[in-house]
Amino acid sequence: MELLARTCSTERMNVERIIARLFVAAGGVFWGVAAFGADYSYQGKPLAESAGSAAIPLLIAAVALAIGWFYEGLAGAGLIVGSVGIVVWGLLAEWESGVWLVNAVVLIAPMVIGGVLYLLAARMQRICALEEAASG
């Protein structure tokens, strides 16, 4: 299978879309649970306040999914820019190597993978639209 083939492959496009959406949804759930657990278990905050903290990453993921549903290119670019922003934040905050490792594995890499998959799906959508316009 050629990754950069210029022929329409709706199956590959749909797989890229689905996997990108799964990365975004799984990331939102993971970070929502992590935020809730950190507040409720470690800091002893009340349930409602902890749930409010968990709502923030869930809301961010929901917005990313909504954007990606209609504007895959924008969602892909947003995820990649967001991952670059996290790297800059880590450099400014002078994270330790363990913090870098955790964030690289559970935040930066999934965002980059999801962003690239959204961009590939958007590219394939353009190829399919051009082929359809040329044949029609």
Side-chain angles (χ1 to χ4, degrees):
M1 174 169 79
E2 289 185 57
L3 185 62
L4 298 176
R6 293 187 187 259
T7 57
C8 180
S9 175
T10 56
E11 296 85 16
R12 188 171 81 197
M13 177 179 58
N14 289 332
V15 168
E16 291 165 351
R17 283 178 176 155
I18 290 168
I19 294 173
R21 291 172 183 160
L22 287 174
F23 265 94
V24 172
V29 170
F30 174 83
W31 286 106
V33 169
F36 178 81
D39 281 355
Y40 189 72
S41 297
Y42 293 123
Q43 295 182 3
K45 291 184 180 177
L47 184 65
E49 189 176 340
S50 300
S53 296
I56 295 169
L58 290 172
L59 182 63
I60 292 169
V63 168
L65 280 171
I67 292 171
W69 201 270
F70 299 104
Y71 305 103
E72 292 167 335
L74 180 62
L79 286 168
I80 291 174
V81 167
S83 65
V84 170
I86 292 166
V87 170
V88 170
W89 174 31
L91 291 172
L92 293 175
E94 298 177 354
W95 288 345
E96 298 175 358
S97 59
V99 177
W100 274 110
L101 180 65
V102 168
N103 279 299
V105 170
V106 298
L107 186 59
I108 298 167
M111 285 177 69
V112 169
I113 292 169
V116 168
L117 287 171
Y118 269 130
L119 291 174
L120 287 172
R123 176 185 176 275
M124 187 59 68
Q125 180 70 41
R126 285 190 303 275
I127 291 170
C128 292
L130 287 173
E131 279 187 10
E132 185 178 311
S135 67

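Quick note: numbers below take in every heavy atom, side chains included, and nothing from hydrogens, waters or symmetry partners. Here, residue 1 is the first one in the sequence, and each next residue gets the next number.
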**Asked** Rounded to the nearest 0.5 Å, how far apart are CG of Leu117 and CG of Leu22?
**Response** 10.0 Å
**Asked** Atom CD1 in Ile113, atom OH in Tyr118: separation rounded to 0.5 Å?
**Response** 14.0 Å
**Message:** Determine whether Ile86 and Met111 satisfy the following criterion, side chain to side chain contact (heavy atoms under 4.5 Å, CB included), listing intermediate values before the conclusion.
**Reply:** CA-CA 10 Å; Ile86 292 166; Met111 285 177 69; 3.5 Å; yes
**Prompt:** Within a radius of less than 6.0 Å around CZ of Phe30, do more than 12 heavy atoms belonging to other residues, nucleotides or ligands occur?
**Reply:** yes
**Prompt:** Rounded to the nearest 0.5 Å, how far apart are CG of Asn14 and CD1 of Ile19?
**Reply:** 11.0 Å
**Message:** How long is the straight-line distance from CH2 of Trp95 back to CG of Asn103, given to the nearest 0.5 Å?
**Reply:** 4.0 Å
**Fill in**
Ala61 and Gly28 have their tightest heavy-atom pair at CB-CA, 3.5 Å
**Asked** Hey, does Ile127 have a side-chain heavy atom less than 4.5 Å from the side chain of Arg123?
**Response** yes
**Prompt:** Where do Trp100 and Ile108 come nearest, in terms of heavy atoms and distance?
**Reply:** CZ3-CD1, 4.4 Å
**Prompt:** Would Leu58 and Phe36 count as a side chain to side chain contact (heavy atoms under 4.5 Å, CB included) if you check the C-alpha gap in whole Å, the side-chain angles of each, and the deciding distance to 0.1 Å?
**Reply:** CA-CA 11 Å; Leu58 290 172; Phe36 178 81; over 6 Å; no
**Message:** A side-chain contact here means heavy atoms from C-beta on lying under 4.5 Å apart; do Trp31 and Leu107 qualify?
**Reply:** yes
**Message:** Please determine whether residues Val24 and Trp69 belong to a single hydrophobic cluster, defined as Ile, Leu, Val, Met, Phe, Trp and Tyr linked transitively by side-chain heavy-atom distances below 4.5 Å.
**Reply:** no
**Message:** Give me the atom names and distance for the closest heavy-atom approach of Gly32 to Ala54.
**Reply:** O-CB, 3.2 Å
**Request:** May I ask whether Val106 and Val33 are part of the same hydrophobic cluster, defined by side-chain heavy atoms of I, L, V, M, F, W, Y residues being less than 4.5 angstrom apart, directly or through others?
**Result:** no
**Asked** What is the minimum heavy-atom distance between Glu131 and Thr7, and which atoms define it?
**Response** OE2-CA, 3.1 Å
**Prompt:** Under 4.5 Å between side-chain heavy atoms, hopping through other hydrophobics if needed: is there a path connecting Leu79 to Val84?
**Reply:** no
**Complete:** Correct closest heavy-atom pair for Ala64 and Ala75 would be O-CB, 4.2 Å
**Prompt:** Taking the side chain from Ser41 and the backbone from Ala38, do they hold a donor-acceptor pair closer than 3.5 Å?
**Reply:** no
**Cluster check Val87, Leu101: I/L/V/M/F/W/Y, side chain < 4.5 angstrom** = yes
**Prompt:** Hey, what do you get for CZ (Arg17) to CD (Glu72), rounding to the nearest 0.5 Å?
**Reply:** 4.0 Å
**Joint cluster assignment, Val63 & Val81, ILVMFWY side-chain distance < 4.5 Å** = no
**Inter-residue atom distance Met124.CE - Glu16.CD, 0.5 Å rounding** = 6.0 Å
**Prompt:** Looking only at heavy atoms, which two atoms of Leu65 and Ala25 are closest? And how far apart?
**Reply:** CD1-CB, 4.1 Å
